[in-house]
Structures are given as C-alpha cells and as structure tokens.
S.K.: 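What follows is a single structure, and I will ask about it in a moment.
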Amino acid sequence: MAIDTRVNLGGLEMATPLTTASGTFGYGTEYLGAVDYSCLGAATVKGVRMSPWPGNQMPRHVEVPGGLVNAIGLQGPGIDEFLSHYVPLYREKLCGLPMIVNIWGGSIEEYAEVAARLDAAAAAASGAFAVECNVSCPNVKAGGHTFGQDPEVLRCLVGEVRKATRLPLVVKLAPNVPDVRPYVRACEDGGADAISLINTIPAMVIDVEARRPVLANRTGGLSGRAVHPVAVKAVWDAARATSLPILAMGGVYEAKDALEFLLAGATAVAIGTAVFSNPGVVREVHDGIIDYCRRHGFDSVRELKGAMLQ
Ligand SMILES: Cc1cc2nc3c(=O)[nH]c(=O)nc-3n(C[C@H](O)[C@H](O)[C@H](O)COP(=O)(O)O)c2cc1C
C-alpha cells in the first residue's frame, strides 16, 4: 500500500514532509538536475529583505568536524529583483512546488513591508507560497540585539507581519536561548501559523598559526551534523509547548535524523547543509521515511508526528 506523505504546515499543503533549509538551496532552481525535486513538499529559498544586501566579506565559511561555520551575512538581491526575476524563474522550472520565502529586516517595519510585498505578489502569481521569518538578525533600532532573543519584541514582530500577510506564516527561532518555550508562546500570541527551528548556533574558528579568526566576520553560525541533537531537543521542547505545527531543521543527513524530528513532534523537516556534500540526500531521506512507515505499520507520515514512546 502507498504511504500517504502529505502534510499541512500551518495552511501550506505539502505533498511530502520535506523542504530545504533557507540559505542552502539558493532561490530554488539551482539544484535542478542534482536533487530529486519530486521528493520535496516545498522549497525554502534564501533570505530576502527590502533592498539588495552584500553580505559579509570573504572568507565567510569554514568546514569543521561535524559541520560548517558560515557568516554569509544574508547576502541577497532585495525584494524587487526577487519578485521580478527569481519567482518567475522558479514557477517556470518548478511549476506547482510550494515556495517558502525566508524574510528578514533591520526593523519590525521592514519585515512587515517585505511580507506585504510578498502577499501582493503571491495573489498575482500561480502556486502556493508561505513566509518564513528569520528572527535571528540584529534589530538596528535596539542596538543590534536580535529580534528573536526578546519574547516581547518577537510577539510584536510576529503581530505586525501577521497584519501584513494572509500567507501561511512560519517563524524561525534561534537555538541560543535558555528555554525556547517563551519564544514559542510569543509566536502563538503574535498570530504565527507555524514555527521552524533551529537556525545556526553562534560559533567561531581561530587559525592558531595566523592567530586570527578564520572568518572575516570573526564569528558565524554552526550547522550540520553537530547541531542535530541540539535541534531535536529544541523541537521536542517546542512541540510540548504549542499546538502550532513545527518545521524542524538542523543536521539532517539521513532518514533517521528526519524521523527523530517527526517523532519528537515536527510536522515537516528541512534539509540544509547536507545537500552541499550529497544532493542525493533528499531522495534518501524521502525513501527512508516511507520505508520506516512500512516497517512500523504507519499508513501516513502524519501519524509519525509526536509518536515517540515516552
Ligand atoms: C550557508 C548557509 C546560509 C544560511 N542562510 C540562511 C538564511 O538566509 N536565512 C535563514 O533563516 N537561515 C539560514 N541558514 C540556516 C539554515 O536554514 C538552517 O536553519 C541551519 O543551517 C540548520 O540546518 P542544517 O544543519 O541542516 O544546515 C543558513 C545556513 C547556511 C549553512
């Protein structure tokens, strides 16, 4: 019997529980010919803000045991070019595959403006869209603290973005907080439809011979295998604190990793850093989830959600 792989992420209908992690999959079409897109329920694209942004100086990524430390610095073309070039290209090449658009800004107003632009563009374009708010960037007006590290600021931000769009609204949380639950509740209170986690974990690598940080930005964010157990714990904590659906990410390299997220309470899973070294990972994770359902007597992927035995 065929396993039903459909999931609903806060109003976004996905044919499979898999998407890509923002910033590791370009604007969606870059992996054509390398990744099996039929295994994806959506593609999540790189962060977009109002105006073009150059990102950080090179070098801006370094491999470490178990992952990658990056300080790309959210380089991007800005919303105008995104809408006029990247969205039509995506729709031409990928037809009906839902697109999750990761957004960011330097102020709450900017987030709301980007969301409003997307809302208007989505109404005119074909295909499904969702918004994913990256709240791990500095709030310029508040001296550079990130939006996602103050529950009250986060609630305000989510509330303003909510007013600006009817699209499914996913809020992406940072892992570097003592307890993720107040942030989950702030997202709920602000009107989010879903939560995603985790973003990268702040990290640093030093070249001891040169006695300098390896990254031009000095610090960056750790992703990959090393962050996976941290992400599983964050997803489990979040799932017990909310009924909102969760999009889980962090170190998915094989089906077992995605299954851990689903059993901990996630509805969908994003694959990020792993795709750089193995574009076949998307097919492998997809088939491994289906095989697991067959072996364990689940008729649908939805039944896996929170099915961990206590
Ligand atoms: C090179 C790179 C760029 C990223 N850019 C973004 C971004 O633009 N917006 C965002 O919310 N997260 C960004 N992330 C974080 C990922 O989406 C993801 O949350 C994190 O890498 C953990 O998943 P992984 O271990 O599977 O990569 C980026 C990660 C990497 C490695």
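Note that ligands are numbered from 1 as they come in the structure, with each ligand's atoms numbered from 1 the same way. If you read the sequence from its start, that first residue is 1, and numbering goes on from there.
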S.K.: Tell me the nearest of Thr200, Val269, Leu68 to atom 20 (C) of ligand 1, using heavy-atom distances.
M.R.: Thr200
S.K.: Which residue from Val69, Val275, Asn70, Leu197 reaches closest to atom 1 (C) of ligand 1 through any of its heavy atoms?
M.R.: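 It is Asn70 that holds the nearest heavy atom.
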S.K.: Strictly distance-based, threshold 3.5 Å: is any side-chain N or O of Thr19 a donor or acceptor partner for the main-chain N or O of Ala42?
M.R.: yes
S.K.: Gly272 versus ligand 1: do any nitrogen or oxygen atoms come within less than 3.5 Å of each other?
M.R.: yes
S.K.: What I want to check is whether the side chains of Asp4 and Ser300 have a donor and an acceptor closer together than 3.5 Å.
M.R.: no
S.K.: Students should be able to answer this: which protein heavy-atom is nearest to atom 11 (O) of ligand 1, and at what distance?
M.R.: Asn102 ND2, 2.9 Å
S.K.: Look at atom 27 (O) of ligand 1 and say which protein heavy atom is nearest, naming residue and atom and giving the distance to 0.1 Å.
M.R.: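 For atom 27 (O) of ligand 1, the nearest protein heavy atom is Thr273 OG1, 2.6 Å.
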S.K.: Go through ligand 1 atom by atom and flag the ones less than 4.0 Å from a non-hydrogen atom of Asn134.
M.R.: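 Those of ligand 1 that fall under 4.0 Å from Asn134 are 9 (N), 10 (C), 11 (O).
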S.K.: How far is atom 21 (O) of ligand 1 from its nearest protein heavy atom, and which residue and atom name does that atom have?
M.R.: Ser223 CB, 3.2 Å
S.K.: Checking Gln75 against Asn56: is there a side-chain donor and acceptor pair closer than 3.5 Å?
M.R.: no
S.K.: Yes or no: does Gly250 have any heavy atom under 4.0 Å from an atom of ligand 1?
M.R.: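 Under 4.0 Å: yes for Gly250.
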S.K.: Quick one: which ligand 1 atoms are inside 4.0 Å of a heavy atom on Lys46?
M.R.: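 Near Lys46, the atoms of ligand 1 are 5 (N), 8 (O).
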S.K.: Could an N or O of ligand 1 be found under 3.5 Å from any N or O of Ile72, whether backbone or side chain?
M.R.: no
S.K.: Among Ile195, Asp193, Leu12, Leu9, exactly one meets side chain to side chain contact (heavy atoms under 4.5 Å, CB included) together with Pro245. Which residue is that?
M.R.: Leu9
S.K.: For atom 24 (P) of ligand 1, what's the nearest protein heavy atom and its distance?
M.R.: Gly251 N, 3.5 Å
S.K.: Within a distance under 4.0 Å of any heavy atom of Gly47, pick out the atoms of ligand 1 and give their elements.
M.R.: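 In order of number, 8 (O).
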S.K.: Only counting residues at least two apart or in another chain, list the ones meeting side chain to side chain donor-acceptor pair (under 3.5 Å) with Asp207.
M.R.: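 Testing Asp207 for side chain to side chain donor-acceptor pair (under 3.5 Å), a comparison that skips the adjacent residues, returns none.
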S.K.: Examine the proximity of ligand 1 to Asn199 and report which part, side chain or backbone, both or neither, has a heavy atom under 4.0 Å away.
M.R.: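 Near ligand 1, Asn199 shows its backbone as well as its side chain.
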S.K.: Among all protein heavy atoms in this structure, tell me which lies nearest to atom 13 (C) of ligand 1, with the distance rounded to 0.1 Å.
M.R.: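 Of the protein heavy atoms, Ser22 O, 3.0 Å lies nearest.
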S.K.: Short question: side chain of Tyr37, backbone of Tyr31 - any donor-acceptor pair under 3.5 Å?
M.R.: yes
S.K.: Going by heavy-atom distance to atom 10 (C) of ligand 1, choose the closest among Met249, Lys172, Arg49.
M.R.: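 Ranked by closest heavy atom to atom 10 (C) of ligand 1, first place is Lys172.
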S.K.: Which protein heavy atom lies closest to atom 3 (C) of ligand 1, and at what distance to 0.1 Å?
M.R.: Gly23 O, 3.4 Å
S.K.: Does any non-hydrogen side-chain atom of Asp299 lie less than 4.5 Å from one of Cys293?
M.R.: no
S.K.: Just do the side-chain contact (heavy atoms from CB on, under 4.5 Å) check on Glu132 and Thr44 with the steps written out, would you?
M.R.: CA-CA 8 Å; Glu132 181 186 60; Thr44 307; 3.6 Å; yes
S.K.: Does Thr44 come within less than 4.0 angstrom of ligand 1, counting non-hydrogen atoms of the residue?
M.R.: no
S.K.: Does the side chain of Thr146 pick up a donor-acceptor pair with the side chain of Gln149 at under 3.5 Å?
M.R.: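 Result is yes, a qualifying pair exists.
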S.K.: Just jot down the ring-ring contact (aromatic ring centres under 6.0 Å, His included) partners of Tyr292, sequence neighbours excluded, or say none.
M.R.: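 In terms of ring-ring contact (aromatic ring centres under 6.0 Å, His included), with neighbours along the sequence ignored, Tyr292 is linked to His296.
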S.K.: Could you walk me through whether Tyr111 and Phe147 satisfy the ring pair (Phe, Tyr, Trp, His ring centres under 6.0 Å) test, starting with their C-alpha distance in whole Å, then the side-chain angles of each, then the deciding distance to 0.1 Å, before giving a yes or no?
M.R.: CA-CA 11 Å; Tyr111 276 90; Phe147 295 95; 5.2 Å; yes
